[in-house]
2 protein chains.
Amino acid sequence: MTTASASLAALDDFRPDSPNRPAARWYFIYVALKEAILTHAIEPGTKLPEDELGEIYSSSRTLVRSALQALAHDRLVTLELNRGAFVAKPTRLEAREIFEARAIIEPTVAALAAQAATPADIERLRRHLEEEHVALHEGRNGEAVDLSGKFHVAIAEIAHQTVLTEFVRSLCSRSSLIVALYWRRRDAMCESHAHHALVDAIAANSPQDAREIMSSHLVDLLSGLDLSDRPPEPKKLTDILRRPA
Amino acid sequence: MTTASASLAALDDFRPDSPNRPAARWYFIYVALKEAILTHAIEPGTKLPEDELGEIYSSSRTLVRSALQALAHDRLVTLELNRGAFVAKPTRLEAREIFEARAIIEPTVAALAAQAATPADIERLRRHLEEEHVALHEGRNGEAVDLSGKFHVAIAEIAHQTVLTEFVRSLCSRSSLIVALYWRRRDAMCESHAHHALVDAIAANSPQDAREIMSSHLVDLLSGLDLSDRPPEPKKLTDILRRPA
DNA sequence: TTTCCGATTGTTGTATACAAAACTGCCGTG
DNA sequence: CACGGCAGTTTTGTATACAACAATCGGAAA
């Protein structure tokens, strides 16, 4: 499982431990839930009850709660006091802001990556592209979306900017939720040519090209979404639905 | 207490609740600790034992742990497995990356703010400047640093970019730790003229000016730090301190 | 029939108890 | 005297018990 191994790798160098220390147990739950959310295995808005998750991962609610809190900080989950955890449902406004943020950050990051990229980096990106391709053609759409996000993260990693990489990772994760909610044509998610062009520009060490390709790629992505301004969600159903049928 | 009220305000629109719900109790501990860290009341590297904090806030370790985990996600605290929580000590490398990230994000944010600013916003910024001024002249240096960060956040808020605002907030928090660790001249923290210039540019709705002032302001800040490349921290004391005296 | 109220049930919030790991200091050995 | 290892102590990790809150359902009153 390619996504699983990728997650496992991320597990080492992440959060709750100094290097080479076994990760805290809640972190496994966190990773598992995160993957399920990012691959669209769980729908936005789904309730995530602590007891149930505890059974699934055969642990106490304590660990589940830690994992949920971490996911909440990632904005992949919403915690409502006394009501529990739900897979986040970014509003259209949030969605626009996320893509505006990406438009500000990622082109520059791509340019930095183009400056810093080594042949090994290029190799890695191309392998990644291949994975995406396979996932897409095998109809594993959720995973394809996830991989597509990880591609953007990979570029940030090449730029050797850990802080910005974290931001990109966060933005891509949230973008995955946005795609789940607002993607226009659910089927036929055309394999974006932009990713290939991006790798080429980075391989050629052309920062300016990379910047521009990334920039228009993000515009493309955005144009595939339905983020029109209308009822971003009827503010108060109570007021509107008085006397229904 | 100006900082306290600011924190309280932040408390409403933040994390663990849908609008107008009373915040979870751990969140108060989180806010209190965060303020202590950001105002340099606690030194980077300080151990934060759960029991002790539990006594201080007269709550169980459960709540303390939640707060610490949240702070860890903010990178203001480091959690080491089976060893506990410590106030984070960003390395020089991290520090540089944080300021590189700021240099990429904040000038654009300032430009957006200059486009969007209303007279009320300007008013707010000027009041903020005044607070900074007072804190500085009363010798409350820690709070001055904190307020100076909040000024940057306020600009982001004016730009109406919630996502970017969060990023700026995070970067400023971490910058506060960096200042605590690597600030060159501890005394005589010259009151930066840049903030005033920034407000003027924003008041004049001059995006380009705002962008450039912010850009050079960040360079200035960076130049006040000692982030030289040398032993960013002796990698392994064991290797270096063999046979001391 | 509709609406409001209260009991019931389920889920989350918090405290506490216990297990496991790390730190400390002591003591024996080289 | 230095080193290494073995308790004892302290602190964290995890599970569980109990309290508090919210959601639901049913029944009584309008």
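A, B, ... follow the sequence lines: proteins, then strands. Residue 1 opens every chain.
What separates CZ of A:Phe28 from C1' of D:dG13 is a distance of 14 Å, to the nearest Å. Atom P of nucleotide D:dG13 and atom OH of A:Tyr27 are separated by 16 Å, given to the nearest angstrom. Rounded to a whole Å, the CD atom of A:Gln69 is 13 Å from the C1' atom of C:dT14. Atom-to-atom, CZ of A:Arg25 to P of D:dT12 comes out at 19 Å; the value is rounded to the nearest Å.
No donor-acceptor pair closer than 3.5 Å links the side chain of A:Arg169 to the backbone N or O of A:Val153. Between the B:His160 side chain and the B:Ala113 main chain, no donor and acceptor come within less than 3.5 Å of each other. Side chain of A:Ser148 to main chain of A:Ala144: no donor-acceptor pair is present (N/O by atom type, distance under 3.5 Å, no hydrogens or angles). Checking side-chain atoms of A:His128 against main-chain N and O of A:Leu147 turns up a donor-acceptor pair under 3.5 Å.
A search for salt bridge (Lys or Arg N to Asp or Glu O under 4.0 Å) contacts involving B:Glu94 returns B:Arg174, not counting sequence neighbours.
Ion pair A:Arg75/B:Glu166 flagged as a salt bridge, since at least one NZ, NE, NH1 or NH2 atom sits closer than 4.0 Å to an Asp/Glu carboxylate oxygen.
For B:Ser60, a side-chain nitrogen or oxygen approaches OP1 or OP2 of C:dA15 to under 4.0 Å.
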Distances for protein N/O vs nucleotides 9-12 of chain C N/O pairs under 3.5 angstrom?
unit_1: C:dT11; atom_1: O3'; unit_2: A:Lys47; atom_2: NZ; d: 3.4
unit_1: C:dT12; atom_1: OP1; unit_2: A:Lys47; atom_2: NZ; d: 3.1
unit_1: C:dT12; atom_1: OP2; unit_2: A:Glu50; atom_2: N; d: 3.4

